[in-house]
Amino acid sequence: MNVCIAGAAGDGIRGAGVILGKIFGELGYSVFVYQEYQSRIRGGHNASVVRASEKEINSHGYYYDALICLRDYVFEKHAERLRGVLICDSSFGLEHEAKVEFPINETVERLNLPDISKNIAAISVFCKSFGIEAEVVKSVVRESLGKSAEEQNIEVVRAVYENLDISVGQIRRVGEGKELVSGAEAIAEGMLDAGLKFYYAYPMTPATPILHVLAADSRCVALQPESEIAAIMMAIGSAFGGERAAVGTSGGGFALMSESISLAGMAEIPVLIILAQRSGPSTGMATFTAQQDLYFALNPAHGEFPLIVASPLTIEDSYRLSGELLNLAWEFQTPAVLLTEKHITESHTTAKLGGVVKREVEIFRERSREVFRRYEITESGVSPYASPPALVKANSNEHDEYGFTTDDAEIAAEMYAKRMRKGEEIAKAVANLEPYVEMRNGKDWIVTWGSNFGAVKEVAEELGYSVAAVRFMRPLFLPKISGEVFCVECNYSGLLSKFLEAEGVKLKRILRWDGRPFTPEEIRREVERWTE
């Protein structure tokens with residue numbers, strides 16, 4: 001079932017989508033919740049698409065089995081997609097063949113409740129119409145809204161169930177309850193399980209929810225400084241002090257961090273940067289998704305230095321990769337970038353998070369009168385790590401093994417080569433971490449990266465295509481593919497496609513750049529168009 005809840009900013013559309021997703025999860029379904037909203041506080045158009053299935057899913061659908069309208073004017077934006085029942089206030093007078101109307105606005109006003117309670121009333125109308133027990137709805141509302149809003153909204157649920165006597169379907173329980181988690185929660189949890197102690201971020205959609213999650217968690221310190229530059233410099237300072245730190249931002253903030261990323265590369269200080277892509281360039285469409293920053297993430301700063309870049313395929317994969325990248329950054333003493341998207345950080349799914357473990361790194365911390373040989377030249381390129389109270393020097397200039405500035409040609413060449421040798425060791429490590437996901441269904445292939453994976457997987461299984469989804473971008477590992485090849489991306493020119501073409505792969509591009517993610521129906525339509 002694919003359900004859209006639509007209304008204006010301020011109507012609680014995003015919250016309603018999460019609550020409905022939790023209701024489906026409580027009934028044992030696999031759930032995916034997509035959030036679409038404008039960059040405004042009131043008015044306009046917001047939508048939340050909630051998809052539930054008995055099989056595992058990682059994408060919402062294009063067509064709706066139900067459309068819940070909290071404003072009359074949003075109906076026209078979604079009417080073409082509606083293939084089932086319309087649920088709306090009885091005063092709207094909307095025309096649709098299958099329709100459930102209820103005095104939502106009047107009920108909320110009669111109960112003397114705030115306007116935002118209309119979202120709970122509308123969800124209740126949907127649930128009662130499809131045979132979901134009132135106690136399931138009440139339980140999820142209590143868990144989601146807390147005591148401050150609990151009784152008011154429970155009263156709304158009760159009023160709907162007592163006064164609506166319509167049945168348009170039956171949604172049954174299919175298993176034990178499943179927990180709904182967001183991409184932001186998954187990223188935060190992965191970093192915490194890998195030992196994160198400090199998180200710094202200046203708010204920037206769509207990375208901001210990660211800051212919100214970590215600010216409420218006692219396992220780390222989350223701080224909002226005055227700028228993105230301050231954020232990454234504080235993270236570098238924390239890492240110099242021997243504590244694991246990360247930052248989160250989007251394209252504009254990542255641009256400001258560029259010089260500091262180069263500093264971390266030269267000083268060999270581990271730091272994890274979460275780059276949550278949105279539609280650009282510049283401010284672009286700040287609340288919509290994209291995959292336009294791949295080349296920027298691969299080349300974020302001046303100079304050559306080892307860098308690790310990976311892009312998660314699903315919300316559950318976001319948990320694994322965020323923890324893995326934090327571990328790798330510390331193992332190889334270098335910056336790492338988790339390249340994700342709005343479609344992952346702000347969507348929700350049913351998932352079990354677990355399995356990431358902090359890999360300990362030896363850190364010399366003893367007080368000494370001698371300067372620590374922090375940049376000792378080694379065969380692997382990885383030097384011993386130290387932090388205060390050890391006497392240790394970090395330097396943004398080229399330096400010798402003790403961290404003292406030098407422009408000696410022989411020392412500079414040796415030190416440069418030492419840093420770059422870490423790239424070979426990183427590649428060996430990544431080769432054992434599933435650098436790409438390969439699923440064989442047929443002789444022809446669909447290649448993709450990032451959040452497209454959920455929709456691509458469904459289409460490939462249905463049409464008999466094999467799938468290759470790239471996770472690690474630097475070092476880049478590409479699968480061996482042949483036959484007819486499609487590459488699915490959310491950008492204009494096909495950024496991953498160019499890497500494949502450089503390897504001699506002939507392919508057809510399936511692209512979109514309107515700020516919206518692919519659904520399975522849209523990818524299927526494009527594949528069939530190319531193969532007609």
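Position 1 is the first residue of the sequence, and the numbers go up from there.
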_Applying side chain to side chain donor-acceptor pair (under 3.5 Å) as the test, list every pair that has at least one member in residues 245-255; sequence neighbours left out._
none

*Under 3.5 Å: donor-acceptor pair, side chain of Gln277, backbone of Asp293*: yes

*Is any side-chain heavy atom of Glu346 less than 4.5 Å from a side-chain heavy atom of Tyr37?*
yes

*Is the shortest distance from a Lys or Arg side-chain nitrogen in Arg320 or Glu434 to a carboxylate oxygen in the other one below 4.0 Å?*
no

*Hey, what do you get for CG (Leu223) to CG (Leu214), rounding to the nearest 0.5 Å?*
12.0 Å

*Kindly assign one of parallel, tilted or perpendicular to the pair His78 and His45, based on the angle between their ring planes and the thresholds 30° and 60°.*
tilted

*Rounded to the nearest 0.5 Å, what separation is found between the CZ atom of Phe486 and the CD atom of Glu526?*
9.5 Å

*What residue pairs, at least two apart or across chains, pass ring-ring contact (aromatic ring centres under 6.0 Å, His included) with a residue in residues 271-314?*
Phe254-Phe296, Tyr295-Phe499

*Is it the case that Asn58 and Glu458 place a side-chain donor and acceptor less than 3.5 Å from each other?*
no

_Trp330 ring center near Tyr385 ring center (under 6.0 Å)_ = yes

*Below 4.0 angstrom, N of the basic side chain to O of the carboxylate: do Arg516 and Glu522 qualify?*
no

*asked:* What I'd like to find out is whether the side chain of Thr340 reaches to under 4.5 Å of the side chain of Ser311, using heavy atoms alone.
replied: no

*According to the side chain to side chain donor-acceptor pair (under 3.5 Å) rule, which pairs have a member within residues 211-222, sequence neighbours left out?*
Glu189-Arg219, Asp217-Arg219

*Return the set of residues passing salt bridge (Lys or Arg N to Asp or Glu O under 4.0 Å) with Lys498 (not counting sequence neighbours), or none when no residue passes.*
none

*Is there a side-chain contact between Tyr62 and Glu80, using heavy atoms and a 4.5 Å cut-off?*
yes

*Verify, without hydrogens or angle tests, whether Asn491 (side chain) and Gln291 (backbone) share a donor-acceptor contact under 3.5 angstrom.*
yes

*Tyr416 and its side chain to side chain donor-acceptor pair (under 3.5 Å) partner, picked from Arg421, Glu304, Glu398*: Glu304

*Begin with the C-alpha distance, continue with both residues' side-chain angles, and end with the deciding distance and a verdict on side chain to side chain contact (heavy atoms under 4.5 Å, CB included) for His348 and Leu180.*
CA-CA 6 Å; His348 294 70; Leu180 194 73; 3.8 Å; yes

*Supply the atom-to-atom distance Thr350 OG1 to Ile57 CD1, rounded to the nearest 0.5 angstrom.*
7.0 Å

*Test log, rule ring pair (Phe, Tyr, Trp, His ring centres under 6.0 Å), inputs Phe32 and His343*: CA-CA 11 Å; Phe32 188 89; His343 187 41; 5.5 Å; yes

*For Lys428, enumerate each residue passing the salt bridge (Lys or Arg N to Asp or Glu O under 4.0 Å) test, keeping only those at least two apart in sequence or located in another chain.*
Glu425

*Is any NZ, NE, NH1 or NH2 atom of the basic residue among Arg71 and Asp11 found under 4.0 Å from an Asp or Glu carboxylate oxygen of the other?*
yes

*Side chain of Asn119, backbone of Gly12: donor and acceptor closer than 3.5 Å?*
yes

*Using a cut-off of 6.0 Å, state whether more than 12 heavy atoms not belonging to Tyr202 lie near its atom OH.*
no

*Look at atom CD of Glu438 and say whether more than 12 heavy atoms of other residues, nucleotides or ligands are closer to it than 6.0 Å.*
yes

*Donor-acceptor pair, Arg51 side chain versus Ser59 backbone, under 3.5 Å?*
yes

_Does anything in residues 253-270 form a salt bridge (Lys or Arg N to Asp or Glu O under 4.0 Å)? List the pairs, not counting sequence neighbours._
Glu268-Lys418, Glu268-Lys422

_Salt bridge Lys22-Glu143, side-chain N to carboxylate O under 4.0 Å_ = yes

*When you check the gap from the basic side-chain N to the acidic O, do Asp317 and Arg471 get nearer than 4.0 Å?*
yes

*Within the distance-only criterion (no hydrogens, no angle test), does the side chain of Arg244 pair as donor or acceptor with the backbone N or O of Ala194 below 3.5 angstrom?*
yes

*Can you tell me if Gln224 and Tyr199 form a side-chain donor-acceptor pair at under 3.5 Å?*
no

_I'd like to know if the side chain of Glu243 reaches the main chain of Lys197, judged simply by a donor and an acceptor atom lying under 3.5 Å from each other, with no hydrogens or angles considered._
no

*Once you round to the nearest 0.5 Å, how far does CD of Glu226 lie from CD1 of Ile229?*
9.0 Å

*How far does OG of Ser322 sit from CD1 of Ile187, to the nearest 0.5 angstrom?*
6.5 Å

